Amino acid sequence: MEVMQARKLDGVVPETPLDHANPKREQRNVASDHKLTVVPVRKPGRWIAAAVMAAAAIWLAHGIATNPNFEWDVVFANLFEPVVLQGLGLTLWLTVAAMGIGIVLSVILAVMRISENPFLNIPAGLYLWFFRGTPILVQLIFWYNLAFLIPEIVIGIPFGPTFFRGSANDLITPYSAALLGLGLNEGAYMAEIVRAGIMSVDQGQQEAARALGMRPGQILRRIVLPQAVRVIVPPTGNETIGMLKMTSLVSVIALSDLLYSVQTISSRTFQTIPLLLVACAWYLAITSVMTAIQGRIEKRFARGNRTVTTSWSRRMFGGSATRNPK
Amino acid sequence: MTMPMVSAVQVGKSFGALQVLKGIDFDVELGEVVCLIGPSGSGKSTLLRCINHLEKIDSGALYVDGDLVGYCRRGDRLYELKEREISVRRSNIGMVFQRFNLFAHMTALQNVIEAPILVQKRPRKEVTSEAIALLDRVGLGDRLDAYPDQLSGGQQQRVAIARALAMKPKLMLFDEPTSALDPELVGEVLDVMRSLAADGMTMIVVTHEMRFAEEVADKVVFMDGGMVVEEGPPKLIFGAPCHERTRAFLSRII
Ligand SMILES: Nc1ncnc2c1ncn2[C@@H]1O[C@H](COP(=O)(O)OP(=O)(O)O)[C@@H](O)[C@H]1O
Ligand SMILES: [Mg+2]
């Protein structure tokens, strides 16, 4: 941003002219040179854009605020309804838990994908192929109906001892189906992000670590992942924000998340639009908070690497990136 | 007679169809400084990497400190080493790279203490005070908390040397340690290496700094096309080389 103002340049011009080859330059008025002022380039485009945008914003805000169809009084009346807050709680919890499952899974999958062992990288590839290749909505319904396909879940060695046995009907609740569906799907998407992060770390450092006697696991933990995080965090922020809204799909398996709970109210009162506005207000509020947190995390991990970071306001409303001041 | 620190017997190494080392023979005695010179692509880096178990050799035998690289001998059988055992061997050999390869997310001090704590499981306090002394020795006692990107190339390379020394290696390998440096920064790195040599460290140095080789090396080895063309005391190699190829290389580089 141009905070540069007209500024006096003191002492920038040397007392004695350096250019002896050019006698004409010596005739310059040296005495007044130190009073020179810098005049920044005018940017009329900026002012025109500002005026147009301000007019548009006022028109839009006025229209929305005064249009009776939006029923703002209904919006405010329902914003803190217990049902809505409960739905919000479930949405938040699902977002955090599914992202947690997804992140842990994605690191495992990414390491498997990079491995030279075909018994690790091929299964990981197949996992990605399946979970990225089928709609999440179908996956959710599939998990929810797992009991029809596999009535009994058994964990053990085939023809050998059994460690665990349980009825799928008891284990697969709408809740665990939602967690499984969202988490496993997210793991597939995040795996590619984590893999890109791992690949971004300079090979030379890994070689230096090997030369120091560090083992592959130690190198991954101490050298590669801490630096990969820099590349992983920004898209993970996006994924989290995406997950926040993706959780609204769980209403198909009868879980009362934020969207589902406003719909239970509006199906009673027929105030569809204002109640959807309630949900949007909450989604926007949480997205804003998440964006702010993302900015702080990025700043923290930029340590030791002068990378381009953006402030949360820029991230949200756009604008040019600034270099992280050190 | 004691075993040399490094002993290569007809060492061969190929990458696919490309034969990079074609039967290398050479010895490095304890406390000796050996400079490895030769044109680019002649296999110098590959040889260093084999010595440090970063590459496997295909033929011949390579001994470091009496141990066969990559194998462990019990009776008259050779057992291939596991990754874990190779790591232990590597930790006894220090290596300095052309491109420094400092850990970018760690300060100079953290770079130096990382491996002794993690690999050798030594107490942090002891390692830290040793690391400070080492960084002081390479002239960076006042830059302990600087990150690599806040240091000049010469300073980074000196941190890299301190990092390797912190493992108390028996042998130091340098792969063109000054080739990526601006000319005015070369001297400060060579000074550190000179003082290491004076302290009796066994060193193998791949370098194009002929003045340094002439002054510090006990022995100069000239490699070309994956073979040792000739070796001898620096006076002989630089003063009166026997081979036409050596002469041609030296006339190009000096
Ligand atoms: N990992 C590798 N895979 C394939 N070829 C390699 C590899 N490392 C080195 N080489 C080849 O081996 C030859 C010798 O390389 P190198 O040992 O780096 O030579 P120098 O260090 O003397 O310049 C070069 O032709 C190089 O391209
Ligand atoms: Mg090389």
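Per chain, numbering begins at 1; letters A, B, ... match sequence-line order. All figures in this text were calculated on a predicted structure; none of them were measured in a lab.
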>> Between B:Glu114 and A:Arg222, does any side-chain N to carboxylate O distance fall below 4.0 Å?
In response: yes
> Is it the backbone or the side chain of B:Leu173 that comes under 4.5 Å from a heavy atom of chain A, or both, or neither?
Replying inline: neither
> Does A:Met214 reach the side chain of B:Ser87, with side-chain heavy atoms less than 4.5 Å apart?
Replying inline: no
>> Rounded at 0.5 Å granularity, tell me how far CZ in A:Arg210 sits from OG in B:Ser91.
In response: 14.0 Å
> Just wondering, are more than 12 heavy atoms of other shown residues or ligands nearer than 6.0 Å to CZ in A:Phe163?
Replying inline: yes
> With a 4.5 Å limit on heavy-atom distance, are the side chains of B:Met106 and A:Ile223 in contact?
Replying inline: yes
> Should we say atom OH of A:Tyr283 is surrounded by more than 12 heavy atoms from elsewhere, each under 6.0 Å from it?
Replying inline: yes
> Under a 4.5 Å heavy-atom cut-off, does chain A meet the side chain of B:Phe97, its backbone, both or neither?
Replying inline: side chain
>> Check whether B:His53 reaches the backbone of A:Ala211 with its side chain - one donor and one acceptor, N or O, closer than 3.5 Å.
In response: no
> B:Ala104 and A:Gln205: which non-hydrogen atoms are nearest, and at how many Å?
Replying inline: N-OE1, 3.4 Å
>> For B:Leu54, which atoms come within 4.5 Å of any heavy atom of chain A: side chain, backbone, both, or neither?
In response: both
> Could you give the distance from CZ (A:Arg215) to CD1 (B:Ile86), rounded to the nearest 0.5 Å?
Replying inline: 12.5 Å
> Taking B:Ile93, B:Val88, B:Leu102 one by one, which has the highest count of heavy-atom pairs under 4.5 Å against chain A?
Replying inline: B:Leu102
> So what's closer than 4.5 Å to chain A heavy atoms on B:Arg49: side chain, backbone, both or neither?
Replying inline: side chain
> Which answer fits B:Arg84, side chain, backbone, both or neither, if we ask what part of it has an atom under 4.5 Å from a heavy atom of chain A?
Replying inline: both
>> Are more than 12 heavy atoms, taken from residues, nucleotides or ligands other than B:Arg99, located less than 6.0 Å from that residue's CZ atom?
In response: no
> Are any of the side-chain heavy atoms of A:Gln218 and B:Val119 separated by less than 4.5 Å?
Replying inline: yes
>> Taking A:Ala208's backbone N and O only, do any of them form a donor-acceptor pair with B:Asn101's side chain (distance below 3.5 Å, no angle check)?
In response: no
>> Restricting to non-hydrogen atoms, name the atom on B:Met167 and the atom on A:Leu212 that form the minimum distance, rounded to 0.1 Å.
In response: CE-O, 3.2 Å
